[in-house]
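Positions are given from 1, in the same order as the sequence printed here. Small disclaimer: the values here were computed from a predicted structure and weren't measured. Every heavy atom of this structure was used, including side-chain atoms; hydrogens, water molecules and symmetry mates were not.
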Amino acid sequence: MTSTKIALVDLKRQYQGIAQELEAEALAVLRSCNYVSGERVSSFMKDFVQIHEALFGIGLSTGTDALHLALWALDIHHGDEVIVPVNTYIATAEGVSLSGASVVFVDHDEYYNMDVQDLARKITSRTKAVIAVHLYGQPAQLDAIRQVCDAHSLVLIEDCAQAHLARYQGHSVGSVGRVGCFSFYPGKNLGACGEAGAVITNDNALHERMRRIHQHGVTDNKYHHWEPGHNYRMEELQAALLHVKLRRLQDWTTKRQANAHLYNELLHNVTGVQCPREREGTECVYHLYVIKCQQREALAAHLNAKGIATGLHYPTPLHRQPAYASLGHKTGDFPMAERCASQILSLPMFPELTPEEISFICEEIKNFCMGRAS
Ligand SMILES: *Cc1c(COP(=O)(O)O)cnc(C)c1O
């Protein structure tokens with residue numbers, strides 16, 4: 001037993017590096033007494049949209065709201081079907097459920113992203129949209145997915161909650177589909193100090209509709225409501241803090257990638273462990289570093305005993321969650337997702353993780369795999 005403690009995500013280390021700047025910004029917002037719909041949200045979003053190579057964007061309350069807002073503004077509702085991956089955080093499917101449309105699940109490929117052949121099989125006359133999730137920060141196969149969408153006149157929505165700054169064949173994620181949805185939940189690659197999210201798009205009409213709905217159906221005149229909407233606004237405080245962090249995002253992303261490559265190097269010939277692979281032409285941003293191991297439970301227990309935290313993303317595919325039991329799926333419907341769910345293991349991953357820590361983690365994995373686990 002060692003006293004080393006390595007968290008899955010250590011937000012304290014990030015905070016320590018930028019505490020003075022964050023605290024000064026927070027104080028400035030408090031003293032301004034201007035807490036919503038101000039300059040800070042628009043200024044942050046201007047830069048956020050630009051680094052993702054889109055034309056328009058709206059700062060929002062959460063990533064879940066971003067997904068709901070996109071579907072709402074696209075007039076997707078009861079009677080429609082929307083296709084989503086079965087292995088994702090539940091929010092992707094919840095966005096669809098909130099819209100009133102039916103969730104249709106699709107299995108994943110060896111990169112943990114939407115299986116394009118299964119996608120093609122799931123299309124019906126009621127299908128209106130497809131939500132591609134860039135899971136773990138690995139871009140989904142956007143060109144093939146877009147071809148399927150174009151052939152069937154389906155809207156492509158990108159769930160970029162885990163993939164800020166990721167790229168697919170030279171294009172920033174979020175700007176390939178009609179709309180990109182982001183989350184700034186604290187643990188995401190760009191995280192608020194609370195809840196926040198965003199949508200980006202190159203479609204002016206869609207942007208205007210989303211802008212209207214996210215603030216009670218209002219455009220310019222505060223008390224002229226074009227339609228019943230919702231309140232999905234981002235707070236000024238979160239925008240100010242996110243803006244401080246946005247300046248570091250590229251650097252943090254590079255560090256995540258270096259950490260992933262060091263893991264790959266140290267684990268690549270360890271029998272019993274499979275490292276994540278990068279699809280050709282993608283730039284992965286490693287929100288999570290997920291390995292596969294047949295003895296997942298025993299490996300996790302071994303690492304935890306050595307002071308190394310691990311995670312499961314996700315322990316149960318969505319078709320086997322009580323929340324979606326009404327869809328009537330059974331074990332065997334999504335073979336890849338079911339097989340992976342019992343083998344995946346998320347290792348510590350954050351920019352400030354040190355090479356020494358990664359070496360220590362990999363040594364312990366080797367010890368376990370060579371049967372020397374104690
Ligand atoms: C985090 C996450 C969301 C939801 O974001 P919130 O800001 O927590 O509402 C949606 N989709 C995926 C894939 C996520 O990881």
Side-chain angles (χ1 to χ4, degrees), residues 1-10 85-88 107-115 134-141 162 166 255-317 320 331-332 334-374:
M1 200 59 156
T2 126
S3 60
T4 313
K5 284 275 173 287
I6 309 177
L8 194 60
V9 180
D10 191 340
V86 76
N87 67 317
T88 175
D107 209 353
H108 67 87
D109 61 17
E110 61 196 295
Y111 301 92
Y112 303 104
N113 279 317
M114 186 171 270
D115 177 333
H134 308 300
L135 201 69
Y136 311 152
Q138 317 199 100
Q141 205 180 355
Q162 304 188 359
K255 289 185 168 136
R256 283 178 184 274
Q257 290 164 337
N259 289 345
H261 295 148
L262 183 56
Y263 268 128
N264 288 347
E265 192 184 310
L266 298 176
L267 292 176
H268 88 274
N269 52 12
V270 178
T271 316
V273 166
Q274 201 181 316
C275 297
R277 292 172 47 208
E278 298 191 0
R279 193 191 302 277
E280 215 178 294
T282 62
E283 260 178 63
C284 304
V285 296
Y286 293 97
H287 174 57
L288 294 167
Y289 185 85
V290 179
I291 60 167
K292 273 201 290 190
C293 175
Q294 300 270 359
Q295 287 115 25
R296 192 263 310 277
E297 297 302 328
L299 174 58
H302 173 74
L303 293 177
N304 295 350
K306 300 290 177 183
I308 301 162
T310 59
L312 298 180
H313 301 88
Y314 295 91
T316 311
R320 285 174 40 209
T331 304
F334 302 93
M336 187 71 153
E338 287 163 26
R339 193 164 57 247
C340 287
S342 66
Q343 296 180 3
I344 48 172
L345 188 67
S346 306
L347 301 180
M349 171 53 81
F350 48 94
E352 300 81 7
L353 190 65
T354 67
E356 292 72 28
E357 287 170 320
I358 295 174
S359 301
F360 172 67
I361 295 165
C362 294
E363 272 313 306
E364 286 306 334
I365 294 174
K366 272 183 221 168
N367 287 344
F368 174 82
C369 289
M370 289 163 66
R372 289 202 265 111
S374 53

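- When every heavy atom of L345 is checked against every heavy atom of A300, the shortest pair comes out as CD1-CB, 3.9 Å.
- Using modelled atom types and a 3.5 Å distance limit, the side chains of H134 and Q162 yield no donor-acceptor pair.
- Minimum interatomic distance between N113 and L135 (heavy atoms only, all atoms of both residues): OD1-N, 3.1 Å.
- A pairwise comparison of heavy atoms in C284 and Q257 identifies O-NE2, 2.9 Å as the closest pair.
- In terms of heavy atoms, L353 sits closest to P348 at CD2-O, 3.3 Å.
- We find the OH-CZ distance between Y111 and R279 to be 5.5 Å, quoted to the nearest 0.5 Å.
- One side chain, T354 or E357, offers a donor N or O that lies under 3.5 Å from an acceptor on the other.
- A side-chain N or O of Y286 and one of E278 form a donor-acceptor pair less than 3.5 Å apart.
- Of the residues listed (Y314, Y112, Y289), the one engaging Y136 in a ring pair (Phe, Tyr, Trp, His ring centres under 6.0 Å) is Y112, and it is the only one.
- When all heavy atoms are compared, the tightest approach of V273 to C369 is CG2-SG, 3.7 Å.
- Here salt bridge (charged side-chain N to carboxylate O under 4.0 Å, His left out) pairs that include residues 283-297, with residues two or more places apart or in two chains, number zero.
- The structure places CD1 of I6 at 9.5 Å from CG of L303, a figure rounded to the nearest 0.5 Å.
- The shortest distance between side-chain heavy atoms of S359 and L266 falls below 4.5 Å.
- With respect to the salt-bridge test (charged N to carboxylate O, under 4.0 angstrom), the residues R277 and E110 qualify.
- A heavy-atom distance below 4.5 Å is not found between the side chains of Q343 and C293.
- Between the CD1 atom of I365 and the CD1 atom of I308 there is a distance of 7.0 Å, given to the nearest 0.5 Å.
- From I358, atom CD1 reaches atom CD of E363 across 13.0 Å, with rounding to the nearest 0.5 Å.
- Across I291 and C275, no two heavy atoms sit closer than the pair CG2-CA, 4.4 Å.
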